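Below is one structure, written out as structure tokens; comments come after it.
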There are 2 protein chains.
Amino acid sequence: MKNYSRQREAILQALRSTDTHPTANWIYNKVREQIPSISLGTVYRNLSALAATGEILAIDVGDGFEHYDGDISPHLHLSCRCCGNIEDLVLESDAFSQLASEHGFSPETSIYVIYGICKKCKKQNLNIGGN
Amino acid sequence: MKNYSRQREAILQALRSTDTHPTANWIYNKVREQIPSISLGTVYRNLSALAATGEILAIDVGDGFEHYDGDISPHLHLSCRCCGNIEDLVLESDAFSQLASEHGFSPETSIYVIYGICKKCKKQNLNIGGN
DNA sequence: ACCCAAATCAGTAATGATTACTATTTTATT
DNA sequence: AATAAAATAGTAATCATTACTGATTTGGGT
């Protein structure tokens with residue numbers, strides 16, 4: 001399961017170079033610094049391929065863009081409805097996957113998204129209509 | 001926070017009449033049995049409005065369609081990569097939201113999706129490349 | 001090193017779920 | 001009933017993503 005093409009390597013590196021959860025277009029622009037001739041289609045195709053093999057994670061937070069995550073360990077995504085930032089929170093153990101297993105489901109990947117207001121926005125009282 | 005229009009009521013009822021996680025188009029066809037003249041745009045607009053107020057849940061499993069859920073209690077969505085079905089699993093307590101709280105994040109909604117193979121597909125050995 | 005078949009590429013066109021728009025109808029209030 | 005605000009049906013536009021095509025690159029066998 002080696003990554004053959006220079007383009008795929010660059011895409012994977014670009015994704016792993018950040019702790020944000022970039023979109024295909026962000027990665028496209030990032031990789032273009034290194035390979036100016038790369039095509040957006042190539043980025044999409046490789047991201048899909050990498051997600052299919054489980055090397056990366058495709059995570060959808062409902063903003064109309066597919067986001068990608070180089071960290072495939074089960075963790076929480078805290079999505080702020082105010083600033084749009086997605087924060088990671090490491091899990092000691094994935095109790096939910098274990099629960100799913102006990103109910104006959106065979107888990108492969110988990111995507112946990114909690115929507116709300118992040119600490120920073122809360123502090124600035126930027127929360128809209130919230131508690 | 002009353003639901004004024006007949007269309008919005010019908011949309012909400014259609015969504016609550018099923019334990020599946022339908023798409024906007026499914027709901028559109030369902031409501032058309034009752035209100036044949038309803039517009040797809042109306043369905044989208046009301047689903048967005050209902051999701052914004054938290055009366056329903058918009059859940060994205062990465063198949064290119066937005067899915068909606070009338071059950072807003074925190075629960076697991078077990079998404080089978082084989083048959084595409086989304087199964088619910090009730091949670092006794094939402095430990096993950098509590099964990100997020102402890103880290104300064106103010107949770108409002110949680111969407112937990114576990115991808116894998118469901119019991120039925122597993123039994124039929126329909127799992128592709130799986131364990 | 002060279003050849004060849006398979007895989008991947010860049011570039012562009014097509015797709016299709018969702019959103020925006022507009023003129024009309026419905027609703028709530030006085 | 002009159003008025004203003006909100007919601008509707010129908011249609012057109014948007015735009016992230018996918019499909020397609022001919023050119024290029026890759027890796028294994030000789």
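Per chain, numbering begins at 1; letters A, B, ... match sequence-line order. Values in this document were obtained by computation on a predicted structure and should not be read as measured data.
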- request: Report which part of the nucleic acid A:Gly64 touches: base, sugar-phosphate, or nothing (heavy-atom distance under 4.0 Å, all strands).
  value: sugar-phosphate
- line: Of the candidates D:dA9, C:dT18, D:dT17, the side chain of B:Thr42 sits closest to D:dA9
- request: Report the nucleotide, chosen from C:dA28, D:dT17, D:dA9, that has the shortest atom-to-atom distance to any side-chain atom of A:Ala24.
  value: D:dT17
Is there a side-chain polar atom (N or O) of [X] under 4.0 Å from OP1 or OP2 of [N]?
X       : N      : result
A:Gln7  : D:dT25 : no
A:Ser39 : C:dC9  : no
B:Tyr44 : C:dT18 : yes
B:Ser5  : D:dT8  : yes
A:Asn25 : D:dC15 : no

- prompt: Roughly how far, to the nearest 0.5 Å, is the SG atom of B:Cys121 from the CZ atom of A:Phe105?
  reply: 9.5 Å
message: So, taking the atom named CD1 in B:Ile86 and the one named OH in B:Tyr115, what distance separates them when rounded to the nearest 0.5 Å?
response: 8.5 Å
message: In terms of relative ring orientation, are A:Phe96 and B:Phe96 parallel, tilted or perpendicular, with 30° and 60° separating the classes?
response: tilted
task: Determine the interplanar angle of the A:His21 and A:His77 rings, folded into 0 to 90°, and report it as parallel if under 30°, tilted if 30 to 60°, perpendicular if over 60°.
output: perpendicular
Figure out the [atom1]/[atom2] separation between [X] and [N], and round it to whole Å.
X       : N      : atom1 : atom2 : answer
A:Tyr4  : D:dT26 : OH    : P     : 13 Å
A:Ile35 : D:dT25 : CD1   : P     : 13 Å
B:Arg6  : D:dA6  : CZ    : C1'   : 16 Å
A:Asn46 : D:dT18 : CG    : C1'   : 14 Å
A:Gln34 : C:dC9  : CD    : P     : 14 Å
B:Arg8  : D:dA7  : CZ    : P     : 6 Å
B:Leu40 : C:dC21 : CG    : P     : 17 Å
A:Tyr28 : C:dC9  : OH    : C1'   : 13 Å

statement: Note: for A:Thr23 and A:Arg45 on DNA chain D, the residue whose nearest nucleotide lies more 5' is A:Thr23
task: Using distance alone, with no hydrogens and no angle criterion, decide if A:Ser48 and A:Arg45 have a side-chain donor and acceptor under 3.5 Å apart.
output: no
